[in-house]
Protein chains: 2
Amino acid sequence: METEYETRPREAIARILRAEPRFFSAAELCARLDESGTPVSRATVYRTLERLAAKGEAALRLNDRGEATFMFCDSGHHHHAICRSCGRVEDVACGALDSFVDRLRSLHGFQLDDHSLEFHGKCRSCV
Amino acid sequence: METEYETRPREAIARILRAEPRFFSAAELCARLDESGTPVSRATVYRTLERLAAKGEAALRLNDRGEATFMFCDSGHHHHAICRSCGRVEDVACGALDSFVDRLRSLHGFQLDDHSLEFHGKCRSCV
DNA sequence: AAGGATTTTGAGACTCTGTCTCAAAATCAG
DNA sequence: CTGATTTTGAGACAGAGTCTCAAAATCCTT
Ligand SMILES: [Zn+2]
Ligand SMILES: [Zn+2]
Ligand SMILES: [Zn+2]
Ligand SMILES: [Zn+2]
């Protein structure tokens, strides 16, 4: 068998991710965990995040420095609008990309099977 | 004054980038340069790519491992369709994102000022 | 509540990407 | 050719992420 254990490190990480709708880097999480009195090793932070992402419970995003960041997130297909100043993330339903798909197929013979779309700006409280 | 010199390393890098419409990582370029008999140090490869990107002559893209990759590219705003198997890139004009912009503003009070959009699939010769 | 099979963790070594330094080499104008 | 200026390369360095393996935690069974 392959049972899953509920452990203190995993709960501490989930608690931080649950608290804010924004992406956290592994380093950020380590710092937060240290502050909150339940330190967790880097290895475990990475393992836990990877596990959450694999289960579809967290979204993985590379920030502009190429660092992996994670956020709790619905599993269905959608996109994100990220606030430049506070990092807050709004989910955005996908749609209206059909024109791109059509154009690419007819113009270049390109067969699309995926896309990534992300918005940047200022959220209501940061404008 | 601040003159720009034409040097062998810069020309060798430009020659490789010009040859294929796809993104190259610094490591890839170093390997190619070694093979082609005009080795260039990593430092110089990075400096040259950074310089090209700053001048708007090359596009910077983080691949799925967070590594910086570069490609010669028009400077105006547009997007890319990238072939999963051969890496070939087709430029795609931007458009049809107005519905997203409207929805975000009215629904969340989010003030958009930028976006990134990328397509993945198989190009004509790889289907 | 104790024992034991199984899963998880942490410390630290390690790899890899990318940056920085500075003396040596290349470029170019005069 | 000479000399001022720019560029390069070797290697030290920093930071993200991976890996190992013994020790610790979890949970099931008795
Ligand atoms: Zn989301
Ligand atoms: Zn979508
Ligand atoms: Zn382009
Ligand atoms: Zn666009």
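Just so it is clear: chains get the letters A, B, ... in the order the sequence lines come, proteins before strands, and each one is counted from 1.
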**OP:** Might you confirm whether atom CD of B/Glu11 has over 12 heavy atoms from other residues, nucleotides or ligands at distances under 6.0 Å?
**Re:** yes
Original post:
Is B/His78 reaching over with its side chain to a backbone N or O of B/Gly76, donor-acceptor style, under 3.5 angstrom?
Top reply: yes
Subject >> A/Arg22 bridged to A/Glu28 by N-O distance under 4.0 Å >> reply: yes
Original post:
Which sits closer to the 5' end of DNA chain C, B/Pro9 or B/Ala68, going by the nucleotide each is nearest to?
Top reply: B/Ala68
Original post:
Which of residues 48-58 of chain A sit near DNA chain D, with a heavy atom under 4.0 Å from it?
Top reply: none
**OP:** List, by chain and then residue number, the residues other than B/Leu62 in its hydrophobic cluster (Ile/Leu/Val/Met/Phe/Trp/Tyr, side-chain heavy atoms under 4.5 Å); write none if there are no others.
**Re:** none
Subject >> Atom-to-atom span, CG of B/Asp64 to C1' of C/dT17 - whole angstrom >> reply: 15 Å
Original post:
Do any of residues 26-46 of chain B sit with a heavy atom less than 4.0 Å from DNA chain C, and if so which?
Top reply: B/Arg42, B/Ala43, B/Tyr46
Original post:
What's the verdict on side chain to side chain contact (heavy atoms under 4.5 Å, CB included) for B/Asp34 and B/Val40, showing C-alpha distance, side-chain angles and the deciding distance?
Top reply: CA-CA 7 Å; B/Asp34 284 350; B/Val40 177; over 6 Å; no
**OP:** Look up atom CG in A/Leu29 and atom CZ in A/Phe70, then write down how far apart they are to the nearest 0.5 Å.
**Re:** 9.0 Å
Original post:
Rounded to whole angstroms, how far apart are CZ on B/Arg65 and P on C/dG18?
Top reply: 10 Å
Original post:
CG/A/Leu112 to CD1/B/Ile82 distance, rounded to the nearest 0.5 angstrom?
Top reply: 11.5 Å
Original post:
Which residue pairs satisfy the ring pair (Phe, Tyr, Trp, His ring centres under 6.0 Å) criterion with at least one member in residues 3-57 of chain B, sequence neighbours excluded?
Top reply: B/Phe23-B/His80
**OP:** Salt-bridge test for B/Arg88 and B/Glu20: reply yes if a basic N is under 4.0 Å from a carboxylate O, no otherwise.
**Re:** no
Subject >> Protein-nucleotide distance (A/Glu11, atom CD; C/dT8, atom C1'), rounded to Å >> reply: 13 Å
Subject >> Shortest non-hydrogen contact from B/Cys94 toward B/His79 >> reply: SG-NE2, 3.4 Å
**OP:** Sort out for me which residue in A/Val45, A/Leu49, A/Thr69 forms a side-chain contact (heavy atoms from CB on, under 4.5 Å) with A/Ser25.
**Re:** A/Thr69
Subject >> Interatomic distance, B/Glu2 CD vs D/dT5 C1' [rounded to whole Å] >> reply: 10 Å
Subject >> Derivation of the side chain to side chain donor-acceptor pair (under 3.5 Å) call for B/Arg51 and B/Thr48 >> reply: CA-CA 5 Å; B/Arg51 184 170 139 277; B/Thr48 302; 5.2 Å; no
All N/O contacts under 3.5 Å from nucleotides 22-25 of chain C to the protein, with atom names and distances to one decimal?
none

**OP:** Please report the C-alpha distance between B/Leu107 and A/Val92 in whole Å, then the side-chain angles of each, then the deciding distance to 0.1 Å, and finally whether the side chain to side chain contact (heavy atoms under 4.5 Å, CB included) criterion is met.
**Re:** CA-CA 10 Å; B/Leu107 217 60; A/Val92 187; over 6 Å; no
Original post:
Which whole-number value in Å describes the distance from A/Ile13 CD1 to C/dT8 P?
Top reply: 13 Å
Close N/O contacts between protein and nucleotides 28-30 of chain C (under 3.5 Å):
from: C/dC28; atom 1: OP1; to: B/Glu6; atom 2: N; distance (Å): 3.2

Subject >> Euclidean distance, atom CD of residue B/Glu67 to atom C1' of C/dT15 [Å, nearest integer] >> reply: 12 Å
